[in-house]
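Start at 1 with the first residue, then count along the sequence. Both ligands and their constituent atoms are indexed starting at 1 by order of listing. The structure displayed is predicted, hence computed values, not measured ones.
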Amino acid sequence: MTSPVETIQSVQLNKEDELILLDQTLLPNKKVFLHLSTIKEIWDAIYHLKVRGAPAIGIAAAYGIYLETKKSKAVTFTGLYDDFQKNKQYLASSRPTAVNLFWALNRMEERLLKETEKSITEIKNALKEEAEKIRMEDELVCRSIGEHALSLLKPGFGILTHCNAGTIATAKYGTALAPIYLGKEQGYEFKVFADETRPLLQGARLTAWELQEAGVDVTLICDNMASIVMKEGKVQAVLVGCDRVAANGDTANKIGTSGLAILAKHYQIPFYVCAPLSTVDIECDTGDDIPIELRNPDEITKSWYEKPMAPKNVKAYNPAFDVTDHELITGIVTEKGIAYPPYKDSLINLVKQVR
Ligand code: MRU
């Protein structure tokens with residue numbers, strides 16, 4: 001058995017300058033790598049969750065804006081910058097909640113603006129270099145999150161997780177799953193409970209798959225089973241990833257996360273959010289400022305089965321994320337350390353170390 005942590009890169013650029021994406025919509029049944037080179041294909045891959053997970057979306061967007069800007073016929077910096085801006089706006093419209101998308105595009109723009117004196121070819125090369133840096137840094141960041149999070153856990157812990165914040169959602173290791181992989185290397189033998197994560201089943205299709213492939217003890221549960229598993233004393237910590245953290249610590253993550261946090265509080269189980277500092281959006285004062293993606297109700301009524309799962313034309317409501325109130329979060333684990341309440345102070349201190 002070869003662990004996906006060591007073998008799978010879900011987002012990378014190949015030597016031919018194509019974006020190679022592991023199509024996450026086909027897992028766990030097929031491992032298909034897409035070769036993409038147009039901005040339309042990359043937008044579509046983000047929108048349709050072929051690439052998903054906040055850090056992986058950011059990395060894909062960085063490569064996407066490089067690949068499209070490379071095709072620009074502009075001969076002046078202003079012309080190139082205009083093309084870059086159009087590409088940026090387009091990619092930014094693919095999904096609204098994960099701030100890493102906007103963070104990565106802004107970082108690419110900052111790099112472009114540092115290169116104004118260079119030739120058009122040199123500027124294009126600089127964009128490629130920056131996109132590669134974003135991917136490589138993410139791997140180091142995730143490893144560091146894993147090390148900090150592991151310090152909170154003991155061998156044999158039962159850990160509940162939601163959605164997929166694993167290696168395929170990032171450059172490597174994942175965020176919430178990083179301590180599980182690092183713990184495995186050190187013989188911690190965690191028992192992981194993976195929520196299936198309706199409606200798109202990231203927990204069942206992706207988390208259960210990647211943990212099983214890595215030889216981690218993983219048990220799949222339906223989302224509505226979290227309470228009984230906690231009540232039975234099987235969970236000593238909840239670890240989740242996230243898509244955007246507001247300045248006060250309110251955290252947007254996959255729909256269902258806030259309910260888990262409420263349950264964890266009831267059963268007095270620590271609830272940790274694992275996030276790179278690129279996921280912290282200090283421009284959002286509170287979770288109320290975080291845009292929540294509404295997706296096609298068909299994902300609830302039709303997905304995954306050949307036959308409809310609900311009566312034809314029934315109304316369905318499909319918010320893809322919810323916001324967990326900061327008061328329910330025990331700690332936010334970042335690459336620079338663990339933020340504890342009051343988050344307004346602790347988060348800003350960590351953010352200042354990287355911006
Ligand atoms: O809709 P998705 O699958 O992109 O949602 C992903 C999540 O909610 C993850 O928990 C989050 O992006 C963190 S990934 C390290």
Protein heavy atom at shortest distance from atom 5 (O) of ligand 1
K254 CE, 3.3 Å
Tested for side chain to side chain contact (heavy atoms under 4.5 Å, CB included) against S119, the lone hit among E115, E117, E122 is E122
When you measure from the centre of the six-membered ring of Y47, is the NZ or CZ of R295 under 6.0 Å away and within 45° of the axis?
yes
of all protein heavy atoms, closest to atom 7 (C) of ligand 1 is D243 OD1, 3.3 Å
Under a 4.0 angstrom heavy-atom cut-off, which atoms of ligand 1 come close to G53?
4 (O), 12 (O), 14 (S)
What atoms of ligand 1 come closer than 4.0 angstrom to any heavy atom of T175?
15 (C)
Have a look at E293 and tell me which of R95, K254, R244 forms a salt bridge (Lys or Arg N to Asp or Glu O under 4.0 Å) with it.
R95
When you look at NZ of K154, are more than 12 heavy atoms from neighbouring residues, nucleotides or ligands closer to it than 6.0 Å?
no
Report the part of A54 (side chain from C-beta onward, or backbone N, CA, C, O) that has a heavy atom under 4.0 Å from ligand 1; answer both or neither where that applies.
both
Here the atoms of ligand 1 under 4.0 Å from any heavy atom belonging to N164 are 9 (C), 14 (S)
Ligand 1 to Q202, heavy atom cutoff 4.0 Å, flagged ligand atoms 1 (O), 2 (P), 3 (O)
Determine, stepwise, if the pair K172 / E6 fulfils salt bridge (Lys or Arg N to Asp or Glu O under 4.0 Å).
CA-CA 8 Å; K172 194 170 173 183; E6 295 312 327; 3.4 Å; yes
For H326, the option from D250, T286, T251 that meets side-chain hydrogen bond (donor to acceptor under 3.5 Å, both in side chains)
D250
State the atoms of ligand 1, each with its element, that fall below the 4.0 Å cut-off from a heavy-atom position in P55.
14 (S), 15 (C)
At a 4.0 Å cut-off, with the gap strictly under it, does some heavy atom of C163 reach an atom of ligand 1?
yes
May I ask whether A320 places a heavy atom under 4.0 Å from ligand 1?
no
Electrostatic pair K128-D17, nearest N-O below 4.0 angstrom:
yes
Going by the atom numbers of ligand 1, which of them fall below 4.0 Å from some non-hydrogen atom of R95?
1 (O), 2 (P), 4 (O)
What residue among V216, T197, N164 forms side chain to side chain contact (heavy atoms under 4.5 Å, CB included) with T207?
N164
Taking the side chain as C-beta and beyond, is there a heavy-atom pair between Y181 and L211 under 4.5 Å?
yes
I need the nearest protein heavy-atom contact for atom 6 (C) of ligand 1: residue, atom name and distance, please.
R52 NH2, 3.5 Å
Which atoms of ligand 1 sit under 4.0 Å from any heavy atom of N253?
7 (C), 8 (O), 9 (C), 10 (O), 11 (C)
